[in-house]
Amino acid sequence: MSTVRVRFAPSPTGYLHVGGARTALFNWLFARHHHGVFVLRIEDTDLARSTDAATQVILDALQFLGLDWDEGPVKGGDFGPYYQSQRLDLYQEYAAKLMEMGRAYECFCTPEELDQRRQEQMKQGQATRYDGRCRHLSDEEKEDLRAQGRLPVIRLASLDEGETVVHDLIRGDVTFDNTTQVDDFVLVKSDGMPTYNFAVVVDDALMKITHVIRGEDHLSNTPKQIQLYQALDFPLPKFAHIPMILGPDKALLSKRHGATSVMQFHEDGYLAEAMVNYLSLLGWGYDDSQTIFSVPELIEKFTLERVSKNPAVFDIQKLEWMNGVYIRALSVEDLYERALPYWQRAGFLPEEITPEVKEYAQRILKELQSRIRLMADVVESAQYFFMDDYPYQPDVVQKILTKPHTEEILQYVYEVIKEAPQLNEEHLKPLFQVGMEKFGIKMGELIQPLRVALTGTNVSPGIYDVLELLGSEKVRSRIERTLAMLKEKELI
RNA sequence: GCCCCCAUCGUCUAGGGGCCUAGGACAUCGCCCUCUCACGGCGAAGACAGGGGUUCGAAUCCCCUUGGGGGUACCA
């Protein structure tokens, strides 16, 4: 069997969104599974909307996800160039060829005229299609039209009988009626640029793409493309149309559903491994028991046969959960490398890290690891470890530090801390128990106020871990600070 | 309007005629662990869109309806 060649062909009109990433992933997995070639091609023929910056962002996003391409921008390859804007001569060549063969023709109808006719067809209950009126223009007529200043487009002289069947690897055979569904669509716009349907065929054929794996939104365009393959005598690739990704309201996923940009997810602290794993499950599943897949496993197990046909709703909660799973699986060293930038940006840690600071940071991370779901969470959940002027959460202070004995409890702990040889559970618990009896309270009633005093919140790692991490000096100064705050606010 | 695709718990899915009193995961709820929050463990609730067929037998096959999605551009 010949080498599998697939491609991902984004248009650089914005960031890489979740849907595009999933399409890229499926292509990539398919290529790696079959030891094939993954091609990246930039579809930038829409000059008005395409930008270099957007191209770079897409490249960055693919890189972040680990979807490396074998041919394409930066990498190069034997079937370049990989930017459509640099392939204009090719489209011209094939358009000329089709004209010569009589399979394409110039059309001088204006957008306004076409629109009007479309409206009319709709009113009549007919399918909207180009009526072919420019198909047999004489040379004189063309000259007249040109003299009027009209710029022609080039249209395909499509087959107007029979049907075109798409043999889809996921959906089976899908039949389209040539008479009503495949019209003489535009190949080359009046500004000389190729349309998507034309460029995609020329490029996929020339780049020897064997499997076209793309979103279902392209299924309806496929018969048009097939007619082009046939007119140009190009071998037909196999097609696989994967289901769309929807928002919670079942509408196509878009910006209005919140973050959809892969790089935004990255910034929020989603791990590439979690993104890839979650995305792989959108429209694909393996068996009835497994949801966590490593990348090698995905490569091994991914097949188009197991791609589902129905659209999938993007469930951010499941992604978050999965991200937590991957965070918990990280080594402390790895976790630290990923957390460091967040802490540095928050001003918690300097650019230069001493071994002591690194060790402290890692000890904190060990405690935080099971408590965060996004890397960005390390900022809020660790601020009191790095700031001595940590804020007090007002409602928590009100609720917990206004209870009876608060001052005595804190003072008791203050004294006890001085005596303890080490701030750990072994040494402190017995002392706290003495306090419990002294005040006639439960352990929680001693620990909660202490937690609030030390952290400003009622949520933190285990109290003995917090005490140990902070150390005797800080614990005492924080108790003093809290007592002062309470007195100032006249809460005790 | 016309055409195409799709239809299992709230969500992602397993299921490809009998193994299904429909399995798993997220979310939800309860219990356990426990100094809070997580993590972890145990458990509960929760679906074959509706109607016709085919068949000894249908979540699985066919048809219709309904619902959702997509296409219908000199966007990609």
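What you see is a predicted model; the values in this text were computed from it and never measured. First the proteins, then the strands, lettered A, B, ... as listed; each starts at 1.
- Considering A/E216, A/R171, A/H241 as possible partners of A/K309, the one that fulfils the side chain to side chain contact (heavy atoms under 4.5 Å, CB included) test is A/R171.
- A salt bridge between A/D160 and A/R135 is present, with a side-chain N of the basic residue lying under 4.0 Å from a carboxylate O of the acidic one.
- Within the 4.0 Å cut-off from OP1 or OP2 of B/rU11, at least one side-chain nitrogen or oxygen of A/K250 is found.
- Nucleic acid contact for A/E216: base, since at least one base atom lies under 4.0 Å from a heavy atom of the residue.
- Side-chain atoms of A/S220 come within donor-acceptor range of the base of B/rG70, with a qualifying N/O pair under 3.5 Å.
- Taking 4.0 Å as the cut-off between side-chain N and carboxylate O, A/R117 and A/E113 count as a salt-bridged pair.
- With A/Q227 as the fixed residue, the side-chain hydrogen bond (donor to acceptor under 3.5 Å, both in side chains) test singles out one of A/T222, A/N178, A/N197: A/N178.
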> What's the verdict on ring pair (Phe, Tyr, Trp, His ring centres under 6.0 Å) for A/W284 and A/F293, showing C-alpha distance, side-chain angles and the deciding distance?
Replying inline: CA-CA 12 Å; A/W284 176 84; A/F293 295 89; 5.5 Å; yes
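- Between the side chains of A/N221 and A/Y196, no donor-acceptor pair is found at a separation under 3.5 Å.
- Among B/rC74, B/rG70, B/rG1, the nucleotide with an atom closest to any side-chain atom of A/S190 is B/rC74.
- Taking the side chain of A/F176 as heavy atoms from C-beta on, and the options B/rC37, B/rC4, B/rA76, the nearest nucleotide is B/rC4.
- Contact annotation for A/S11: backbone-only contact, meaning every heavy-atom pair under 4.0 Å involves sugar-phosphate atoms and none involves a base.
- Closest approach to the A/S370 side chain among B/rA38, B/rC74, B/rC5 is made by B/rA38 (side chain taken as heavy atoms from C-beta onward).
- The side chain of A/K189 contributes an N or O atom lying less than 4.0 Å from OP1 or OP2 of B/rA76.
- The P atoms of B/rG69 and B/rC12 are separated by 13 Å, rounded to the nearest whole Å.
- The phosphate of B/rC2 has neither OP1 nor OP2 within less than 4.0 Å of any side-chain N or O from A/T180.
- Using a 4.0 Å heavy-atom distance criterion, A/H218 is classed as a base contact.
- Comparing B/rC39, B/rG69, B/rA25 against the side chain of A/M244 picks out B/rG69 as the nearest.
- Nearest nucleotide to the A/R49 side chain, out of B/rC75, B/rA73, B/rC5: B/rC75.
- Between A/R306 and B/rG15 there is a side-chain polar atom (N or O) within less than 4.0 angstrom of OP1 or OP2.
- Side chain of A/W321, nearest nucleotide from B/rC26, B/rA76, B/rC5: B/rC26.
- Between A/Y390 and A/T455, every side-chain heavy-atom pair lies at or beyond the 4.5 Å cut-off.
- Here the separation of B/rU21 from B/rA25, taken at their C1' atoms, is 22 Å to the nearest Å.
- Taking only side-chain nitrogens and oxygens, A/R155 comes nearer than 4.0 Å to OP1 or OP2 of B/rC74.
- The cationic atom of A/R22 (NZ for Lys, CZ for Arg) lies less than 6.0 Å from the six-membered ring centre of A/F26 and within 45° of the ring axis.
- Salt bridge status for A/R338 with A/E273: present, with a side-chain N to carboxylate O gap under 4.0 Å.
- Within 3.5 Å, a donor on the side chain of A/R371 pairs with an acceptor on the base of B/rC37, or the reverse.
- Rounded to whole Å, the separation between the P atoms of B/rC29 and B/rC35 comes to 23 Å.
- OP1 or OP2 of B/rA27 lies within a sub-4.0 Å distance of a side-chain N or O belonging to A/R373.
- Of the side-chain N and O atoms in A/N310, none sit less than 4.0 angstrom from OP1 or OP2 of B/rC12.
- The side chain of A/L114 sits closest to B/rC74 out of B/rC37, B/rC4, B/rC74.
- If you check every strand for non-hydrogen atoms under 4.0 Å, A/G462 touches a base.
- Across all strands shown, A/G283 has heavy atoms under 4.0 Å from sugar-phosphate atoms exclusively, and none from any base.
- Using a 4.0 Å heavy-atom distance criterion, A/T13 is classed as making no nucleic acid contact.
- Residue A/P311 is in sugar-phosphate contact alone, with no base atom involved, counting any heavy-atom pair closer than 4.0 Å across all strands shown.
- A/D46 comes within contact range of the sugar-phosphate backbone alone, with a heavy-atom separation under 4.0 Å but no base atom that close.
- Here B/rC6 is the nucleotide among B/rC6, B/rC35, B/rC5 with the atom lying nearest to any side-chain atom of A/K309.
- Against RNA chain B, the stretch residues 14-22 of chain A makes no heavy-atom approach under 4.0 Å.
- Within 4.0 Å of A/T195, counting heavy atoms only, lie sugar-phosphate atoms of the nucleic acid but no base atom.
- In this structure, of B/rC6, B/rU13, B/rU36, it is B/rU36 that holds the atom nearest to the side chain of A/Q448.
- Rounded to whole Å, the separation between the C1' atoms of B/rG70 and B/rC32 comes to 49 Å.
- Between A/T45 and the phosphate of B/rA76, there is a side-chain N or O to OP1/OP2 separation shorter than 4.0 Å.
- When the side-chain nitrogen and oxygen atoms of A/R118 are compared with OP1 and OP2 of B/rA73, one or more of them lie within a distance under 4.0 Å.
- Looking at heavy-atom distances under 4.0 Å, A/S308 makes contact with sugar-phosphate atoms alone, never a base.
- In the set B/rU13, B/rA25, B/rA27, the nucleotide with an atom closest to the side chain of A/Q317 is B/rA27.
- As judged by a 4.0 angstrom heavy-atom cut-off over every strand, A/R451 is placed among the base-contacting residues.
- In summary, A/D131 and A/R133 engage in a salt bridge, as defined by a charged side-chain N under 4.0 Å from a carboxylate O.
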